[in-house]
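Input: a single structure, listed below in structure tokens.
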Amino acid sequence: MGTVSKKFFQDKNIPRVARSLLGNVLMRRYRGETRAYIITDVEAYDGPRDKASHAYRGKTARNALMFGEAGRWYVYFVYGMYWMLNMVTGPKEYPAAILIRGAMAVRSPKFLGLGNPIAKWQSDCLSGPGRLTRALHIDKSFNGQCARPENGLWIEDWGIKIPPRAIRKVPRIGVSYAHEWAQKPYRFVVDPVVRERRG
DNA sequence: ACGATGATGAAC
DNA sequence: TTCATCATCGTA
């Protein structure tokens with residue numbers, strides 16, 4: 001329970017960290033209002049050999065954060081329109097990050113911390129990394145920030161457990177250029193059907 | 001299936 | 001300095 005700290009993200013097993021992030025809660029404070037989003041869709045970008053990763057061709061001005069300390073946001077711009085929200089993960093100098101692709105908005109902040117089953121929360125789905133950052137007003141100003149409440153964007157553990165059979169391991173999106181790495185099941189999604197059934 | 005829309009990085 | 005590409009999305 002409580003704010004997820006740097007230590008959680010320092011694990012060298014990046015796919016494992018990505019998977020454990022499902023069910024954690026992305027928190028956003030914007031113009032005096034705090035909103036909560038249960039993370040349902042993530043992708044792991046794992047180390048210098050991952051051909052799908054920005055870090056594959058070495059350190060550059062854009063990706064330098066991926067080589068730095070875990071627990072900071074890595075936010076970059078793609079396709080002339082969209083901001084991608086990533087959490088820097090892994091040991092220092094090991095370039096890795098987790099892209100947050102989807103979440104469920106918790107409608108009623110009154111449920112904060114009550115441990116209600118996930119199915120009983122009235123919520124809206126945010127599907128797609130570009131839609132998510134647009135909805136949360138996330139832009140480059142978060143790049144390099146620590147994930148802490150003071151910075152307006154952080155992650156909390158509410159003790160929500162996603163049953164293993166509700167998690168689909170599938171290939172990552174939009175990385176067909178990555179050859180054999182494109183097929184690796186580094187995307188973790190909470191299956192919406194199972195999510196409804198189980199609660 | 002394709003266009004919007006601009007940063008990035010590699011080539012020249 | 002040019003140029004292809006891009007961890008996407010909305011419309012068709």
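The figures here come from the full heavy-atom set of this structure, side chains too, leaving out hydrogens, waters and symmetry mates. Per chain, numbering begins at 1; letters A, B, ... match sequence-line order. Source: prediction; values computed, not measured.
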Could you grab the distance from atom [atom1] of [X] to atom [atom2] of [Y], nearest 0.5 Å is fine?
{"X": "Thr34(A)", "Y": "Met27(A)", "atom1": "OG1", "atom2": "CE", "result": "6.0 Å"}
{"X": "Ile167(A)", "Y": "Leu22(A)", "atom1": "CD1", "atom2": "CG", "result": "5.0 Å"}
{"X": "Tyr79(A)", "Y": "Met84(A)", "atom1": "OH", "atom2": "CE", "result": "8.5 Å"}
{"X": "Leu153(A)", "Y": "Trp73(A)", "atom1": "CG", "atom2": "CH2", "result": "4.5 Å"}

- Query: What string of B, S and - do you get for nucleotides 1-12 of chain B, 5' to 3', if B is base contact, S is sugar-phosphate-only contact and - is no contact with any protein heavy atom under 4.0 Å?
  - Reply: ---BBBSSSS--
- Query: Could you give the start and end, 5' to 3', of the contact zone on DNA chain C for chain A, using atoms under 4.0 Å from its heavy atoms?
  - Reply: dC6(C) to dG10(C)
- Query: Which part of the nucleic acid, if any, lies within contact of Leu99(A), taking any heavy atom under 4.0 Å across all strands shown: a base, the sugar-phosphate backbone alone, or nothing?
  - Reply: base
- Message: Base, sugar-phosphate or nothing for Arg187(A)? Non-hydrogen atoms, less than 4.0 Å.
- Response: nothing
- Query: Is a side-chain donor-acceptor pair under 3.5 Å present for Asp46(A) with Tyr94(A)?
  - Reply: yes
- Does a side chain donor of either Glu156(A) or Trp158(A) reach within less than 3.5 Å of an acceptor in the other side chain? yes
- Query: Under the ring-ring contact (aromatic ring centres under 6.0 Å, His included) rule, what pairs show up with a residue in residues 124-153 of chain A, not counting sequence neighbours?
  - Reply: Tyr30(A)-His137(A)
- Encoded 5' to 3' (Watson-Crick or G-U under 3.5 Å; [ ] crossing; | other strand), DNA chain B becomes ||||.||||||.
- Message: So, using salt bridge (Lys or Arg N to Asp or Glu O under 4.0 Å) as the criterion, who are the partners of Arg172(A) when residues are at least two apart?
- Response: Asp50(A)
- Cationic N near anionic O, under 4.0 Å, Arg28(A) to Glu33(A): no
- Item | Pro185(A): side-chain contact (heavy atoms from CB on, under 4.5 Å) partners, not counting sequence neighbours | Lys169(A)
